[in-house]
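Before any comments, here is the structure.
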Amino acid sequence: MAFHILLPTVLASIKAGVSIIGAGKIAILPFLLAALAYFHYDQFDPENKPVDRKQVDHEYDFIVVGGGSAGSVIANRLTEIPNWKVLLLEAGGHETEISDVPILSLYLHKSKLDWGYKTEPQDSACQAMTEKRCSWTRGKVLGGSSVLNTMLYIRGNRRDFDQWAKFGNEGWSYDEILPYFLKSEDQRNPYLAKNTKYHATGGYQTVQDSPYNTPVGVAFLEAAQEMGYEIRDVNGEKQTGFAFYQFTMRRGSRCSTAKAFLRPIRLRRNLHISLRSHVTKVLIDPNSRRAYGVEFIKDGRRQVVFARKEVILSAGAINSPQLLMLSGVGPAEHLREKKIRVIHDSPGVGQNLQDHIAVGGLVFLIDHPISLLINRLVNLNTALRYTLKEDGPLTSSIGLEVVGFIKTKYTNQSDDWPDMEFMATSTSASADGGTQVKRAHGVSDEFYNEVYKDINYKDTFGIFPMMLRPKSRGEIKLRSNNPLEYPLLYHNYLTDPHDVWVLREGVKAAIAYGETQAMKRFGARFHAKPLPNCKHLPPLTDEYWDCVVRQYTLSIYHYSCTAKMGPASDPYAVTDPQLRVYGVSGLRVIDASIMPTITNGNLNAPVIMIGEKGADLIKYYWLTPTTRKKRGLRAIFNMRLGETCPNITSA
Ligand SMILES: Cc1cc2nc3c(=O)[nH]c(=O)nc-3n(C[C@H](O)[C@H](O)[C@H](O)COP(=O)(O)OP(=O)(O)OC[C@H]3O[C@@H](n4cnc5c(N)ncnc54)[C@H](O)[C@@H]3O)c2cc1C
Ligand SMILES: *[C@@H]1O[C@H](CO)[C@@H](O)[C@H](O)[C@H]1NC(C)=O
């Protein structure tokens with residue numbers, strides 16, 4: 001195809017980029033790159049985006065609210081049953097060429113694809129951020145947060161799920177959920193795919209190694225070995241140790257759950273998808289307490305649609321509890337205060353909020369031009385390399401190359417249940433001169449200028465020590481009964497002293513990591529500039545670090561546990577272990593909200609697993625034993641560890 005024929009497409013996608021991100025914020029080059037990336041899909045990706053229904057039908061068997069990491073999976077799996085008619089309602093629109101390019105993911109923060117949530121100002125954390133508010137980025141797009149995330153593929157620890165089961169959630173132990181990780185996986189690393197029982201091929205979700213690493217990334221692994229850690233598949237037998245990250249990418253580009261689970265089935269006639277459809281309420285009959293439909297706004301028009309069987313909330317850990325409360329399910333007193341008719345008093349809704357935070361802004365300077373300096377590495381040549389060869393720096397997830405799971409002194413040393421994840425990146429907050437990183441994280445100008453301005457655009461690397469099992473709990477409350485008003489988000493980070501200690505040890509370990517021979521070889525030195533609010537404390541003491549962790553506190557965007565599942569004996573459980581909302585029939589929550597405790601790693605993979613298992617629970621509930629058998633459902637329920645799942649198709 002000649003270039004001039006494609007030029008209009010280039011221009012169109014440049015325009016699309018501008019309208020998505022807002023003119024004037026970034027230079028033109030990334031748009032050009034993204035436009036180039038477009039060729040790539042045009043030529044190699046035969047699967048188009050799903051069609052947006054202009055008008056939905058009156059009634060469906062199932063209505064799925066939210067087409068994110070979990071919702072996309074559920075919409076796919078439920079429509080495998082040809083006589084089930086399913087409606088997927090998503091508040092956002094389609095992903096873009098920009099969101100496809102791994103190195104550009106920071107541009108998506110605070111764009112039209114992001115809800116743009118901010119926490120209420122609190123004194124315990126995020127003190128370096130504008131107005132002391134943490135940015136809680138959240139996907140508002142088909143594919144949800146899997147369109148904005150950094151694509152790190154981490155499943156969590158066996159102990160997480162065994163703990164869920166121990167709380168009384170039958171069916172959720174590690175051995176029981178592992179088949180659901182395997183079911184969706186299409187592992188592109190042939191060694192992992194063939195040689196272990198922990199990986200599978202042929203699923204919808206592509207998982208691959210990064211096609212590109214810097215010399216810094218390689219050194220990260222050497223540094224880990226020097227410190228005595230093993231290099232291993234952290235999604236396999238054991239978790240403690242280091243590895244190159246794996247990514248939810250396909251041929252070097254983002255593979256969101258929309259791309260993985262919805263595009264291949266977009267022609268199924270029993271699936272209707274309605275975009276830019278903001279659900280405002282679940283309709284629940286106050287007498288029978290049965291959910292029978294939802295209310296939503298599309299194109300400025302309020303509409304109602306009915307569900308014959310179930311309504312499924314997959315709106316994520318912020319919006320699912322918000323919708324429950326708006327619909328009369330939540331802490332009774334709070335609902336009355338907001339003038340909402342109480343249908344079921346469920347004190348756990350919006351409570352128990354858990355997230356992963358890391359210490360942001362730990363920067364190490366190096367003397368060699370080998371880091372991922374975006375200004376140096378993003379140019380027309382690398383753009384071509386990306387579009388034609390599907391590799392090169394543009395496939396880098398902003399330098400996130402190596403993961404490390406380590407144990408601080410606050411966790412059991414003889415157990416393989418590390419309490420700290422290192423996210424090691426071959427770039428840093430200062431590498432882009434205080435543009436995208438600062439903006440995405442919401443760091444204030446004063447803080448940035450005082451701490452980082454002197455080292456703008458220098459070769460650096462960064463370590464994000466991320467605390468895995470926080471004890472502090474946040475909460476989500478309604479601001480008002482107006483469904484379009486954002487809820488009140490209280491992070492409560494670091495309100496439990498344990499969390500401060502663990503993060504402090506993480507910082508110390510990160511600095512030690514930078515001191516290894518492997519890193520020193522490049523002249524690595526910690527950028528130890530005292531932080532504005534901590535200058536009065538003696539440097540390098542525990543007191544000093546305890547202050548530091550409250551400054552550039554970085555949410556890793558893993559909000560969860562706000563409508564936890566649990567046994568009926570737990571008054572704070574919002575759903576039962578089949579994910580059915582207590583006190584209401586015909587209503588489930590299936591997304592990150594249902595986790596009783598946050599998993600030991602990044603959240604996307606476990607949420608996809610929850611979607612897979614949730615869909616099976618629905619099938620198990622509604623299908624007769626004969627149909628179940630015909631559809632291979634028995635095979636999944638009885639599957640032994642390591643067996644590959646039969647792919648259920650609608651055939
Ligand atoms: C910037 C960022 C980086 C991340 N990086 C990683 C990573 O590298 N690795 C990893 O494992 N995890 C990562 N995560 C976390 C992970 O992506 C999320 O935990 C996961 O996607 C959550 O899935 P979910 O289905 O619960 O919610 P979401 O994927 O957020 O889906 C919820 C969907 O519901 C829609 N919705 C909400 N309210 C309504 C409504 N009222 N009406 C209609 N639709 C509605 C939303 O628009 C959205 O599409 C990251 C997240 C972010 C934001
Ligand atoms: C630490 O972990 C080991 C191995 O799982 C276990 O046997 C031991 O009881 C644990 N110790 C504590 C104090 O929990």
Side-chain angles (χ1 to χ4, degrees), residues 16-17 19-22 34 49-50 52 64-76 88-102 104-119 134-153 205 247-249 253-263 273-279 313-323 355-356 397-398 436 439-442 476 486-487 489 555-560 562 590-593 602-608 610-611:
S19 67
I20 283 150
I21 280 158
K49 290 170 183 164
D52 174 25
V64 182
V65 179
S69 295
S72 302
V73 178
I74 296 158
N76 178 320
L88 176 61
L89 293 168
E90 166 54 48
H94 284 298
E95 58 195 313
T96 69
E97 290 74 38
I98 303 224
S99 59
D100 277 347
V101 186
L104 297 182
S105 70
L106 286 171
Y107 290 90
L108 308 172
H109 293 244
K110 303 180 170 71
S111 77
K112 269 192 191 160
L113 306 189
D114 175 10
W115 286 86
Y117 290 119
K118 288 206 164 196
T119 61
C134 329
S135 295
W136 274 13
T137 306
R138 188 97 291 232
K140 185 180 188 180
V141 51
L142 195 63
S145 298
S146 79
V147 175
L148 275 70
N149 71 15
T150 46
M151 299 165 281
L152 310 173
Y153 184 78
Q205 179 68 60
F247 299 86
T248 46
M249 284 185 197
S253 295
R254 177 186 300 278
C255 182
S256 68
T257 54
K259 219 182 271 174
F261 291 89
L262 296 176
R263 288 193 192 189
I273 297 178
S274 182
L275 301 175
R276 290 175 306 282
S277 303
H278 190 130
V279 175
L313 294 181
S314 300
I318 296 175
N319 297 93
S320 286
Q322 182 198 20
L323 275 168
D355 188 14
H356 286 140
S397 185
I398 38 173
Q436 294 315 314
R439 195 185 61 91
H441 295 170
I476 295 177
Y486 282 3
L489 311 172
S555 168
I556 307 299
Y557 320 104
H558 292 171
Y559 343 108
S560 50
T562 49
I590 309 183
D591 59 25
S593 324
N602 310 69
L603 249 57
N604 197 39
V607 172
I608 293 172
I610 289 168

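Hydrogens, waters and symmetry mates play no part in the numbers below; they use all other heavy atoms, side chains included. This chain uses plain numbering: 1 for the first residue, then up along the sequence.
The nearest pair of heavy atoms linking I610 to I590 is O-CG2, 3.6 Å. Between Q322 and P487 the shortest heavy-atom distance is NE2-CD, 3.6 Å. The minimum heavy-atom distance linking S320 with A315 is given by the pair OG-N, 3.0 Å. Contact detail for K49 and E95: the closest heavy-atom pair is NZ-O, 3.3 Å. Taking every heavy atom of both residues into account, I608 and S69 meet most closely at CG1-O, 4.1 Å. Contact between K118 and S135 at its shortest, heavy atoms only, is CE-OG, 3.9 Å.
Side-chain atoms of M151 and C255, non-hydrogen and from C-beta on, never get closer than 4.5 Å to each other. L148 places none of its side-chain heavy atoms less than 4.5 Å from the side chain of S99. Counting heavy atoms from C-beta on, the side chains of S397 and F247 come closer than 4.5 Å. With a 4.5 Å cut-off on side-chain heavy atoms, I318 and T562 do not count as touching.
Here the two rings, on Y559 and W136, have centers that are under 6.0 Å apart.
Proximity of a side-chain donor or acceptor of E90 to a complementary backbone N or O of L275 within less than 3.5 Å is not detected. Of the possible donor and acceptor atoms, none in the side chain of K140 sits under 3.5 Å from a partner among the backbone N and O of K112. D114 places no side-chain N or O within donor-acceptor distance of the main-chain N or O of G139, the cut-off being under 3.5 Å. Judged by distance alone, the side chain of H109 and the main-chain N or O of Y107 form no donor-acceptor pair under 3.5 Å. Although no hydrogens or angles enter the test, the distance criterion places no donor-acceptor pair under 3.5 Å between the side chain of S593 and the main chain of D591.
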>> Under the criterion side chain to side chain contact (heavy atoms under 4.5 Å, CB included), I'd like the reasoning laid out for L323 against V65: C-alpha separation, chi angles, the key distance, then a yes or no.
In response: CA-CA 10 Å; L323 275 168; V65 179; 3.8 Å; yes

>> Please evaluate residues H94 and V141 with respect to the criterion side chain to side chain contact (heavy atoms under 4.5 Å, CB included), reporting the C-alpha separation (whole Å), side-chain torsions for both, the decisive distance (0.1 Å), and the verdict.
In response: CA-CA 6 Å; H94 284 298; V141 51; 5.7 Å; no

>> If you apply the rule side chain to side chain contact (heavy atoms under 4.5 Å, CB included), what do you find for Q205 with V73, and how did you get there?
In response: CA-CA 10 Å; Q205 179 68 60; V73 178; over 6 Å; no

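Between atom CG of residue L104 and atom CD1 of residue I398 there is a gap of 10.0 Å, rounded to the nearest 0.5 Å. Atom-to-atom distance recorded for S256:OG and L142:CG is 7.5 Å, nearest 0.5 angstrom. S145 contributes atom OG, which lies 8.5 Å from atom CG of N604 (distance to the nearest 0.5 angstrom). Rounding to the nearest 0.5 angstrom, the gap separating the CG atom in L152 from the CG atom in L603 is 11.5 Å. We find the OG-CG distance between S105 and L113 to be 12.0 Å, quoted to the nearest 0.5 Å. Annotation: the span from K110 atom NZ to T137 atom OG1 amounts to 5.5 Å, rounded to 0.5 Å.
Side chains of D355 and S555: a donor on one and an acceptor on the other come within 3.5 Å.
Not counting sequence neighbours, the partners of Y486 by the side chain to side chain contact (heavy atoms under 4.5 Å, CB included) test are W115, Y117. Legend: residues meeting salt bridge (Lys or Arg N to Asp or Glu O under 4.0 Å) with R276, ordered by chain and number and at least two apart, are D52. Looking at residues two or more places apart in sequence or on another chain, you find a side-chain hydrogen bond (donor to acceptor under 3.5 Å, both in side chains) between T257 and S72, S146.
The residue from N149, T248, T150 that alone fulfils the side-chain hydrogen bond (donor to acceptor under 3.5 Å, both in side chains) condition with R254 is N149.
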